[in-house]
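Accompanying notes for the structure given below.
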Amino acid sequence: MKKGDHLFLVDGSGFIFRAFHAIPPLNRKSDGLPVNAVSGFCNMLWKLLKDARNTDVGVTPTHFAVIFDYSSKTFRNDLYDQYKANRTAPPEDLIPQFGLIRHATRAFNLPCIEKEGFEADDLIATYARLAEQDGADVTIVSSDKDLMQLVTENVSMYDGMKDKQISIPEVIEKWGVPPEKMIDLQSLTGDSTDNVPGVPGIGPKTAAQLLEEYGDLDTLLARAEEIKQVKRRENIIASRELVRLSRQLVTLKTDTPLDTPLDELILHPQDGPKLIAFLKAMEFTTLTRRVAEACDCDAGAIEAASVPVEWGAAAHGPDLDKGEAAGRPSALDGTETAAEAAATLLPAAVAGDLSPTALARSRAERFSAAPIDHSTYETVRDLEALDRWIAAAREAGLVGFDTETTSLDAMQAELCGFSLAIADNAKDPSGTVIRACYVPLNHKTGVGDLLGGGMADGQIPIRAALERLKGLLEDPSVLKVAQNLKYDYLVMRRHGITVQGFDDTMLMSYALDAGAGTHGMDTLSERWLGHKPISYKEVAGSGKGAQTFDMVDISRATAYAAEDADVTLRLWHVLKPRLAAERMTAVYERLERPLVPVLARMEERGITIDRQVLSRLSGELAQGAAGFEEEIYELAGERFNIGSPKQLGDILFGKMGLPGASKTKTGQWSTSAQVLEDLAAQGLPLPRKIVDWRQLTKLKSTYTDALPGFVHPDTKRVHTSYALAATTTGRLSSSDPNLQNIPVRTAEGRKIRTAFISTPGHKLVSADYSQIELRVLAHVADIPQLKQAFADGIDIHAMTASEMFGVPVEGMPSEIRRRAKAINFGIIYGISAFGLANQLSIERSEAGEYIKKYFERFPGIKDYMDTTKAFARENGYVETIFGRRAHYPEIKSSNPSVRAFNERASINAPIQGSAADIIRRAMIKMEPALAAAGLSARMLLQVHDELIFEVEDGEVEKAIPVIVDVMENASMPALSMKVPLKVDARAATNWDEAH
DNA sequence: ACGTACACCTA
DNA sequence: GTAGGTGTACGTC
């Protein structure tokens, strides 16, 4: 080569993967051969050659080569056996396309370069340096950062996708260092995709900053001791050797032995007929036409070439065996873990045992051993195929079901498609062979700027598909198995379908293992199947790059969605026998599963909020807070961010030197309300104002400003989401927005409740259990005085005070009662002298005395606590009165504070959990009871011991007794309480007055 | 952009 | 002392 020549080096492997992911895989040849990557590759190459030959651009290649990776094993693996160890195998559909793409390159009359033991990047580096030495210019067609180290005055890169040139300034702009420092930067940051180690906590920004400061990597490593940031310094020092290794790994080899000399890369003219023959064979009609036009050939006269296709992994080892060679965990590797999990988590079975326990164990073992095979998944593209799947589901009587949508919010989610999974009993009567499909309904195209954003091809019209699906989902004789069904239930409801006959694997896991890990599908799959499902992030991206599921290409969507249904059905096979074996079927069937439709309907109804009330409140709060701000700055003598506990602490205890300072666990000054209250009590004006300011800003930001954002655009109501499997005790939780923590304690806060209103012609009815947890305590601990007091309707805190302090209930001083009340709550929370002392602001010794006295007066409580603790230690869990279990795996921790915490929690769980079970039962019974009474009252919200309804004005009088009756008798007939349950209910037009 | 600390709202 | 969720600040990516 000589000066004035221009070499184009195309990163072929990079091209392949970008093409594969950019072009929807429904791009298949008529015989079903996937050719989407080939198509993308050819289009990109054609565009590149056309543009490059256009002399107007000023870049005319004289030499041209397409470079590929040959083998997964390169000299880098000898340096570091973990190199690229986390690479996964290429997608199934891509495999036959590797060979085709090499054919394509030759059809374009371009040299196709690869070499065993080296990566494409090394070949590119070598050619680039050689050309540069000859005085030629080089353009590397790639956007891979690994190649940026090659950029010089004469060597630049070109990102064909973004049509962007990458020269020295672009590298500096993107990475903060010039190209020659890229190696240093990559050595520091490492590379997770290639599994190149880096320094923990150092990303590109920090690395660039360090290199700026120290000049280069060697200087930095030599002077690492000078780094000020402690963590950073320690990490770099500890990683020195690894960083040097990483430098070897990321440095591209510029002396790769070449089979094709540089001068042979000369760009030959296009061989039109040869290229057209190939393109015709691939059935790329548009490109064939374009090429024919450009070459002035008659495409019709050219016969399609015969292109051999290599399907198997053996046919083209190099690109394919990456995953395997790199030790990607196979399904079998994971099996051991899951089988071990089964062995640890499940009770031991006796040999030859046919008991539920043995079944549960063998199911777990078999399903964890049966590999999940994405290649068996089917994309259902026509009604005939859907009908076949539905018929098979009916035949099996059992089907895994999952929906894919555009949002986590079931009330706003748009349906994209659904998946089904069926045990293939023909192949395997034991049911471990499962086949699954995805039915895309609403996927869009729009990847790449050439294709507009229309509906993707090959989808069944949504109405027709849902019509067929409705028959299946509403048929109670076919068991639908879903994970977190409440979500899918709501989505389907919004399409006029009410799922009947279902199981929910999330709730099964919750019934079995509450407290012992979370119950999400990915976790359960890893725990029980030893399989890590494709993550949502992998399919749809995350953060700024996230796309909604309807934009995901259908083949990726199929792999993800069908796998979810598959995994769900497998989990069902593992968990269902466990329910029986561990005697948790009743809990699941009576307390968990029936709540799904109940909660779904509550969420669907939502509640009206008065935005004007909130807006007015927000203004008032803003004004009030602004007033405090001025006064606070005045008293502090400077302006600062009052909302920053750090700045506030420094002002109060640093600068002003106020007394009574204490530290948080991270060593910051504590500015908790308690601390500030104590200071205010000493007559200091500033702390009081800060407390008041915090109250106003809290109410404003968390409630008056946030709630209007949750008003649904169509229903104009607020629809919270209840989590059924989030707590250890059996309580629900509420989020988006949380309607279980709306203020009530202060007058200011209660104003927010006035914004929760009934629709015209209706009232809100609030019904809440009175002292339900103390009643449960009286029941489970069987305390005579407590039972008597509740039976007689006596003030329970006054009774406690009277028992403890010998003061008559009549004319009880409020301070005495307050202390007794704190003790009662303390008991429920698994009392400690430390906690009680804190609560009452008394000495720990005094609190200890109270507790001692309490146990003397109520020995049954002490017994209950000791028995419960012992039970938890023995079994690792505790039980509610309805048999719900809460697990405390750390109860035997050798750390005394961890152990004590678990003991308190296990004392609390049966009480809190039993109360939760009771209100769950009430909720399940409520709708049929209201219907039976001919009432249209609708249950809207649950707040642990309170239910909120919306009731027509004329129905209120009739509805209240029904509601109260259902709640008070919720435990019947399963269990007769030793104390009566009491419910207070009232109606008003807003939640504040109803409460 | 994401995670942690802190503070604070509820039962 | 139990069980939750959310907003802001702040440090790191």
Side-chain angles (χ1 to χ4, degrees), chain A residues 189 200-207 229 231-232 514-515 542-546 641-649 664-676 690-691 694-695 697-703 705-707 720-723 726-746 748-750 752-753 768-769 771-773 822-840 844 847 851 865 886 888 897 900-913 915-916 919 941-946 995:
Chain A
T189 58
I202 297 211
K205 290 284 180 288
T206 315
Q229 297 89 335
K231 204 87 203 122
R232 188 173 292 175
S542 67
K544 214 167 60 176
N641 185 346
I642 309 167
S644 161
K646 188 172 172 292
Q647 293 184 30
L648 179 61
T664 67
K665 65 168 182 260
T666 52
Q668 293 290 333
W669 299 117
S670 169
T671 64
S672 67
Q674 180 66 62
V675 169
L676 298 180
I690 291 161
V691 169
R694 276 192 182 159
Q695 192 203 4
T697 53
K698 171 79 179 178
L699 293 176
K700 183 170 185 293
S701 68
T702 311
Y703 302 104
D705 289 354
L707 282 172
T720 185
S721 174
Y722 289 106
T727 70
T728 303
T729 55
R731 273 192 178 179
L732 305 178
S733 75
S734 156
S735 66
D736 309 295
N738 182 353
L739 296 186
Q740 291 182 322
N741 73 345
I742 302 302
V744 71
R745 230 180 62 254
T746 65
E748 276 298 300
R750 267 203 305 279
I752 288 159
R753 291 203 168 209
D768 68 303
Y769 282 107
Q771 308 287 5
I772 188 168
E773 293 193 349
I823 293 166
N824 278 332
F825 273 102
I827 295 296
I828 289 167
Y829 296 154
I831 203 155
S832 76
F834 180 85
L836 183 62
N838 259 348
Q839 178 66 31
L840 288 175
R844 199 175 327 174
I851 294 168
M865 290 186 164
Y888 292 94
S897 66
F901 177 81
N902 278 274
E903 286 172 357
R904 289 193 298 272
S906 48
I907 287 165
N908 171 256
I911 302 168
Q912 191 186 110
I919 197 165
L941 302 177
Q942 189 251 41
V943 192
H944 306 308
D945 65 358
E946 175 188 13
H995 185 72

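Proteins come first, then strands; the chains are lettered A, B, ... in the order of their sequence lines, and each starts at number 1.
Side chain of Gln839(A) to backbone of Ala822(A): no donor-acceptor contact under 3.5 angstrom is found. With hydrogens and angles disregarded, no donor-acceptor distance shorter than 3.5 Å links the side chain of Asn902(A) to the backbone of Tyr888(A).
Comparing atom distances between the Thr702(A) side chain and each of dA3(C), dC9(B), dG7(C) picks out dG7(C) as nearest. The side chain of Lys646(A) lies closest to dG11(C) when the candidates are dG1(C), dG11(C), dC9(B). Checking dG11(C), dG5(C), dG7(C) against the side-chain heavy atoms of Ala706(A) singles out dG7(C) as nearest. Closest to the Arg904(A) side chain, of the nucleotides dA3(C), dT10(B), dG1(C), is dG1(C). The nucleotide whose nearest atom lies closest to any side-chain atom of Ser733(A) is, among dG5(C), dA3(C), dC9(B), dG5(C). Listed nucleotides: dG4(C), dG1(C), dC8(B). Nearest to the side chain of Arg694(A): dC8(B). When distances are taken from the side chain of Asn738(A) to each of dG1(C), dA9(C), dG4(C), the shortest belongs to dG4(C). Ranking dG1(C), dA7(B), dA3(C) by closeness to the Ser670(A) side chain, first place goes to dA7(B). Listed nucleotides: dT2(C), dG1(C), dG4(C). Nearest to the side chain of Asn838(A): dG1(C). Here the side chain of Asn741(A) is nearest to one of dA7(B), dT10(B), dT6(C), namely dT10(B).
Residue-level contact check: Asp768(A) touches neither bases nor backbone, having no heavy atom under 4.0 Å from any strand. At the heavy-atom level, Gly643(A) lies under 4.0 Å from the strands shown only through sugar-phosphate atoms. The residue Gln839(A) sits close to a base: some heavy atom pair falls under 4.0 Å. In this structure, Ser832(A) reaches the bases: a heavy-atom distance under 4.0 Å links it to at least one base atom across the strands shown. Within 4.0 Å of Ile827(A), counting heavy atoms only, lies no atom of the nucleic acid at all. Among the atoms of the strands shown, none is found under 4.0 Å from any heavy atom of Ile828(A). Contacts of Ala822(A) with the nucleic acid, taken as non-hydrogen atoms under 4.0 Å apart, include base atoms. Looking at heavy-atom distances under 4.0 Å, Thr697(A) makes no contact with the nucleic acid at all. Heavy atoms of Ala673(A) sit under 4.0 angstrom from primed sugar atoms or phosphate atoms, though from no base atom. Residue contacts for Ala726(A): at a heavy-atom cut-off of 4.0 Å it reaches the sugar-phosphate backbone alone, with no base atom in range. Contact annotation for Ile742(A): backbone-only contact, meaning every heavy-atom pair under 4.0 Å involves sugar-phosphate atoms and none involves a base.
One atom, CD of Gln740(A), and another, C1' of dG5(C), lie 9 Å apart when rounded to the nearest Å. When rounded to the nearest whole Å, the span between CG of Asn641(A) and P of dC10(C) equals 6 Å. Spacing between atom CZ of Phe825(A) and atom P of dT10(B) amounts to 13 Å, rounded to whole angstrom units. Rounding to whole angstrom units, CD of residue Glu748(A) and P of dC8(B) are separated by 16 Å. The distance between atom CG of Leu732(A) and atom P of dA11(B), rounded to the nearest whole Å, is 15 Å. Spacing between atom OH of Tyr829(A) and atom P of dA11(B) amounts to 10 Å, rounded to whole angstrom units. Computed from coordinates, the Tyr722(A) OH to dT10(B) P distance equals 16 Å when rounded to whole Å. Between the CD atom of Gln771(A) and the P atom of dA11(B) there is a distance of 12 Å, rounded to whole Å.
At dA7(B), one or more side-chain N or O atoms of Thr671(A) fall inside 4.0 Å of OP1 or OP2 (strictly under the cut-off). At dG5(C), none of the side-chain N or O atoms of Thr727(A) fall inside 4.0 Å of OP1 or OP2 (strictly under the cut-off). Proximity of Gln647(A) to the phosphate of dC10(C): a side-chain N or O atom is located under 4.0 Å from OP1 or OP2.
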For nucleotides 2-5 of chain B, tabulate all protein N/O to nucleotide N/O atom pairs closer than 3.5 Å, reporting atom names and distance.
residue, atom, partner, partner atom, Å
dA5(B), O3', Thr666(A), OG1, 3.3

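Between Thr664(A) atom OG1 and Trp669(A) atom CH2 the span is 10.5 Å, to the nearest 0.5 Å. To the nearest 0.5 Å, atom CD1 of residue Ile642(A) and atom CD of residue Gln647(A) are 10.0 Å apart.
Between the side chains of His944(A) and Gln912(A), not a single donor N or O lies within less than 3.5 Å of an accepting N or O.
A donor and an acceptor atom sit less than 3.5 Å apart, one in the side chain of Arg731(A) and one in the base of dA11(B). Judged by distance alone, with hydrogens and angles left aside, Lys698(A) brings a side-chain donor or acceptor within reach of the base of dC8(B), the pair sitting under 3.5 Å.
Looking at Ile752(A) and Leu699(A), their side chains come closer than 4.5 Å, going by heavy atoms from C-beta outward. A 4.5 Å side-chain heavy-atom check between Gln740(A) and Gln942(A) finds at least one atom pair inside the cut-off. Between Leu739(A) and Pro737(A), the closest side-chain pair of non-hydrogen atoms falls below 4.5 Å. Counting heavy atoms from C-beta on, the side chains of Tyr722(A) and Ser733(A) never come closer than 4.5 Å.
Salt bridge present: Arg731(A) and Glu773(A) bring a charged side-chain N and a carboxylate O closer than 4.0 Å.
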